[in-house]
Every structure is written in C-alpha cells, then in structure tokens.
Amino acid sequence: MMSRTVSQPRAAARRAPIDHGRWVPALFVAPVALYLLVFQGYPLVQEFLLSVTSTSLLSPGQQTYVGLDNYRELVFDPEFHQVLRVTAVYTLVCVVASIGLGLLAALLLDGTFRGRGIARALVTIPWAAPPVAAALIFVWMFNAQYGLFSHLAQFLGFADGGVNWLDEPSYALPAILITTVWQIFPFSSVVILAALQGVPSELREAAVIDGADRLSIFRAVTWPTIRPSVALLTLLITVWSLRRFDVIWLMTQGGPLGETNTLVIDLYRRAFVYLDLGRAAAVGIIGLVVAILVTLVYFWLSTRAEKAAGKR
Amino acid sequence: MKHNSTARTLAVLVLLGVAAFPLYWMLVTSLTPSERLFDATPNLLPTLSQIGTYAAAFTETSLRQWLVNSLIVAVGTTVLSILLSVLPAYALSRLTFNGKLLLGFALFMTQMLPEAMLVVPLYDIFTKLSLLNTLLGLILANTAFTVPVVTWILKGAIDGVPSEIEEAARVDGCSRLGIVLAVVVPLIAPTLAAAAVIAFFHGWNEYVFAQTFISDDALRTASVGLASFVGELSTPVHTVMAVGFIYTLPAVVFYLFVQRYVVAGMTTGGVKG
C-alpha cells in the first residue's frame, strides 16, 4: 500500500519527462548497447551460424553447411534425451530445495533474538564462497575412502565399506545437488528474509489476537507478502541452474554414464572433448530456447496471478 | 509473538552448522598432518601445530600470483561494470526513448546465456583482437555478464530517487549528465556499493573463461589454479585445502562486512524491479 502512494507521482513524472535533447538517451545508452552487441550479440549470432554447420575444433576455418542436421540428430539421440532429463531433474530439485530451505532459514532468522545479526551473516557464507572452492571441498567430502559422507554412511549403517559417491551413477547427481543447493539456498533465504520485513506486523498481531494458529497466519498474512519474491527466486534459480557449469564440471564432468550431464556440460563436452563445434552450438541454442520458454511461461503465469489477485 | 526459544536456538544452530561446516572442514583438513588424513575415524579438530601448511601453500604453489591475477580481474570487472552501467540505468529509469523495451529485453536475455556457450565465439573475437591470454580479455568477457545485473540494480535504486530533487538541480542550470553525476550518483551510493560488490565477486569467482582463455601459467587466476588440484594426486590434500581456504576466506570476510548493503541493493533493485 505504501508503494502505491509513492509510485503514483513518479509514474506521472515519467509520462511528462523533463525536456531534453534527443541525443541524450542515445548518448547514455550507446556505450552499453555497443558493448553488449560485441560481447553477447555477435557471439550469439556466431553460435547460431555454427549450429547449422559441421565444424571441428581442430579446423574451425573449414565449415560445411548442414542445415538442421545437428538439431535433427540431437532430437533422435537417446543420449541427448538423457541430457534433457538430467537437466530437468537438476533444475527442478535446485529450485524446490533451495527455495524450501531458504524459506525455512528465513522464517527461523526473522524476528528478534540474541545474536540475530551474526546468525543472519553466517548463514550467507556458502553464497560468498567461490564455486570452485565449494566444488573442491565437496569432492573431498564425497571421497570414497576418506570422505566425511562416506564415514557418515557407514556410521549410520547405510553402507559396509566406502561409498563411491561421485563414481556411482545413482549417487552422483544427488551429491552434486547437495553441493549446489548448499551454495545457493542462502541467496533465497536472504531475499525472502528481506521480503519478510514487508509483512505488516499489525496484521500479524491482529491475527494472533483472533487466535489464529501459526500455519494460518503464514497462509493469510506472510505468504501473500513474500509471494512476489518467491516467484522471482523461482525464475532466477531456474535460469541460473540451466547455465550452471563450474561445480558440475569440476565434480563429475557430466559422468558417470552421463548421470550428471546437463545441457551446459553436454555442450562443453561436445565442443572441447569431442571437438564437434557444430553439434555443441546446436545444444547451446536448444538450451537457450528452453530458458526463453521457461521465462515466457513464468511471465504468463505471474501476470495471470496478478490479475487474479487484483480481482480479489 | 511467543516462541519456544530453546527449540528455535537449536534450529538456528543446526542451520548455521550446515552453512558453515564445509568451510570449517576445509580449515580442519588443511591443518591435519598428511598421514592422519586417512584415519578410519575423521579428526574433527584442527591440529594447530600444522599451521606451517599455510606458509607451504605460498611456497609450494603459485598461490600469490593467482591471487594477484584474481584481484586484477575482479577490480577491473567492477570498475568497468560500474562505468558502463550508471548512464543506461539512469536512461532506463528516467528517460523515454526508442528501443527502451529492446534494451531491457537484451539485458534480461544475457541472464539466460550460459558462459560456456559463448566460449568458442569469444575465443575467436579475442584471437582477432589479440586479447587472448590477457587479463584484460577476461575483464571484458566478465563485464559482459555483470553489466546487465549491475544496470538493473542501479535502475531500481534510481527509481527510488524523488524526481523533484533532480528538477531543482535542473532549475539551477545543471545539465543532464551533471545531474546524474552530481545529484543521482551520491544519492544511490549504497546501492552502487552493493552492485560493485556483486561485480567484484563475479570477477573473483569466474572459472570458465579463465580456464579457456588463459594458457600462460603466470596469468592463471585463483579459481583455475585451485581447480587444477581437483583429482590431481601429486599435491598433498592439506596443502590444496589451505590454498582453497586462503582463496575463500577473504571473499567470505569481505562479504560479511558488506552484506547489509548487498541485500538492500538486491532487494530494492532486483526483486522489486
């Protein structure tokens, strides 16, 4: 409600801008537009052009135009189907687990208690740690013989000997997910925590006086306030998970048996292990299309939700 | 509201344990003598007499050089990102112009492009510009990915500056550029700092470009140097963990100090935007 009263005069100011020369916006925007064209736009076009050729990394100058062959072969390649499946599972678990954990952490850290500032700062440690360092320490913790997780599995009676987490097809993806979720859940918690500051305390107090239990307070008061933040987190973490490279590459390089081979890892392997630039580019373009589709669905769903909320 | 405070304290401690333990474990591993790393039951406490590992991390690896390179890349990325982002952020917030929607869309698109996808074409560009195997090349590539985020965050902050302040400056005869630099920038300083931190971290952590564009050992960044130890058996584990800890700790400590601004910046700019 606050934001509405503040934003109204601002919107009016935007409709009637202060008089300025036509060259001002052009001058302000030109450098960044040029920069992004050179370092993002041009490479993207190049990547698309590569995707309709057969090109080897060994002789990038020799390109044969093959039309949509790369795409056609990917569509019918069972290994690529696995890539799509792994990407979907990885992204979905990243989103659900890191937002779930982040929400739990944010609710725990909200409100006043002693040492709150320190606790809030400490919980963000994983977000501040470099991904390569995170990969290194988790590779050590998932080590078959000496790793802590292996010791833990034996201690709890799940295994007799060492567990070869990263070499075992059914454990590798969970191990990578544990690492990734550990790294990103603090970001969700920080964003949700900030959103929780916007929960009107009078409403919550009124609900308490009315004798509402904690769950219904959450549903009626807390959730509507933080929902936009959670929605945005869903989009951000989805898109980030779709392009995540460092942790997965360093821990498994997509193995064992392709169980951790996401779109980005697959694209990198095709380019730099199989030296097949054309096919790699096609994988990249498909990944981009997936990301765009996800984003469009997100915006479609959120406008619909906004309309529904407006009607209420 | 009344809480069961013991249960809450316990839950908070578990949470902090989960968040901080891997880093603690890195420290413990670095401070455990090689022969005891492979004990049947893990040693959960550091062996303080092993502190010499940290000196060895500097003498036995090129850590010092890697850190300097990472610092150059991170600072370069930060400075360039801010320089490029302030004016378009202002334009997106305050000015009306053709292609505004297109610019916003382009900025958002970059969030969807995986770095790994652009490695090959960027390699090509850098070869032509003689920027391959240079730290400047890394700075330019990283900035392409930080500029959109920084611009978006700064736009959010500028949205919050009351336009009456600008109009007053305009009546006093200030030019548009003058208004941005003398009036708007000081007002959004905290967000500017937050955006700078985000760009800095991106440069400090970046791995794919640093791995593929740099072939000269002396130009390696810390992320690539550290990654070179993964799965490699010739360097003792406790030395590797010491290198990792030295690379991680400044980032984490720095972040703890500026965290307040980063959160404020991200939430005014990113989330509400």
Side-chain angles (χ1 to χ4, degrees), chain A residues 10 13 17-18 20 24-25 28-29 31-33 35-36 39-40 43-44 46-47 105 108 113 119 121-126 128-133 135-141 146 148 151 182 186 190-191 194 208 229 232 239 243 245-246 250 264 267-268 271 277 284 287-288 291-292 295, chain B residues 1 8 11-12 15-16 19-20 22-23 25-26 29 37-38 42 84 87-88 90-91 95-97 103 106 110-118 120-122 124 140-141 144 147 151 163 167 170 176 204-205 207-208 223 226-227 229-230 237 244 247-248 251-252 255-256 259 263 266-267 271:
Chain A
R10 209 187 301 145
I18 319 166
H20 55 73
V24 170
F28 277 23
V29 169
V32 89
Y35 194 88
L36 291 180
F39 291 106
Q40 302 263 15
L44 181 59
Q46 285 297 312
E47 194 70 356
L108 267 175
F113 59 93
L122 283 180
V123 87
T124 59
I125 280 181
V132 173
L136 186 84
I137 181 67
F138 274 86
V139 164
W140 173 240
M141 290 204 297
Y146 318 113
L148 219 52
H151 283 297
W182 174 78
V190 162
V191 170
V208 173
S229 300
L232 188 83
V239 172
R243 52 180 264 210
F245 177 79
D246 36 29
L250 288 170
V264 173
L267 124 79
Y268 195 81
L277 293 186
L288 186 64
I292 292 173
T295 309
Chain B
M1 245 202 295
R8 190 206 193 109
V12 169
L15 177 70
L16 296 185
L23 211 58
W25 193 236
M26 204 176 205
T29 308
L37 280 172
F38 311 115
L84 279 170
L87 294 183
Y90 181 85
L95 306 180
T96 43
F97 57 93
L103 179 67
T110 61
Q111 284 295 294
M112 293 178 218
L113 295 175
E115 283 93 335
M117 182 176 169
L118 301 188
V120 170
L122 281 176
D124 205 38
L140 291 172
V147 153
T151 303
S163 45
E167 272 155 47
R170 195 161 177 81
R176 186 64 80 159
W204 183 258
N205 293 343
Y207 170 70
V208 195
S223 61
L226 189 61
F229 292 132
V230 177
V237 170
Y247 171 45
T248 307
V252 169
Y255 187 79
L256 292 184
Q259 185 224 20
V263 175
M266 283 215 125
T267 44
V271 179

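Below, chain A is the first sequence line, B the second, and so on; all start at residue 1.
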In terms of heavy-atom proximity below 4.5 Å to chain B, should L250(A) be classed as side chain, backbone, both, or neither? both
Considering all heavy atoms, the nearest A121(A)-Q259(B) contact: CA-NE2, 3.6 Å
Please examine the side chains of Y146(A) and V237(B), heavy atoms only from C-beta on, and report whether any two atoms are closer than 4.5 Å. no
Among L44(A), V32(A), V29(A), I137(A), which has the most heavy-atom pairs under 4.5 Å with chain B? I137(A)
Tell me, side chain or backbone of Q111(B) under 4.5 Å from chain A's heavy atoms, or both, or neither? both
Could you label the plane-to-plane angle of the Y207(B) and F245(A) rings as parallel, tilted or perpendicular, counting under 30° as parallel and over 60° as perpendicular? parallel
I need the minimum non-hydrogen distance between L118(B) and F39(A), along with the two atoms involved. CD1-O, 4.1 Å
With a 4.5 angstrom heavy-atom cut-off, which part of V252(B) approaches chain A: side chain, backbone, both or neither? both
Closest approach of E47(A) and P121(B), non-hydrogen atoms and distance? OE1-CD, 3.3 Å
Pair count under 4.5 Å, heavy atoms only, with chain A: among N205(B), L103(B), L256(B), L23(B), highest is N205(B)
Tell me the closest heavy-atom pair linking T110(B) and R243(A), and the distance in Å. O-NH1, 3.8 Å
Pick from S223(B), A251(B), A91(B), G244(B): which one has the most heavy-atom pairs with chain A under 4.5 Å? S223(B)
Could you look at L226(B) and say if it's the side chain, the backbone, both or neither that has a heavy atom under 4.5 Å from chain A? both
Taking every non-hydrogen pair under 4.5 Å, which of L277(A), T295(A), L148(A), I292(A) racks up the most with chain B? L148(A)
Less than 4.5 Å to any heavy atom of chain A: does that hold for the side chain of A106(B), its backbone, both, or neither? neither
Specify which of D246(A), L122(A), V264(A), T124(A) makes the most heavy-atom pairs with chain B at under 4.5 Å. T124(A)
With only heavy atoms counted, which part of L136(A) is less than 4.5 Å from chain B, the side chain, the backbone, both or neither? both
For L108(A), is there any backbone N or O sitting under 3.5 Å from a side-chain donor or acceptor partner on R8(B)? yes
Kindly indicate whether the side chain of Y35(A), heavy atoms from C-beta on, has any atom under 4.5 Å from the side chain of L140(B). yes
With a 4.5 angstrom heavy-atom cut-off, which part of W204(B) approaches chain A: side chain, backbone, both or neither? side chain
Could you check which of P186(A), A129(A), P43(A), P126(A) has the highest count of heavy-atom pairs closer than 4.5 Å to chain B? P43(A)
For the interface with chain B, which of A128(A), P130(A), A119(A) has the highest count of heavy-atom pairs at distances below 4.5 Å? P130(A)
Sidechain-backbone polar pair: Q40(A) side chain, A144(B) backbone, donor-acceptor under 3.5 Å: yes
Report the distance from atom CH2 of W140(A) to atom CG of L37(B), rounding to the nearest 0.5 Å. 5.0 Å
Value for CG (L36(A)) from OG1 (T151(B)), rounded to nearest 0.5 Å, stands at 7.5 Å
F113(A): which residues meet the ring-ring contact (aromatic ring centres under 6.0 Å, His included) condition with it, sequence neighbours left out? none
For L16(B), is it the side chain, the backbone, both, or neither that has a heavy atom closer than 4.5 Å to a heavy atom of chain A? side chain
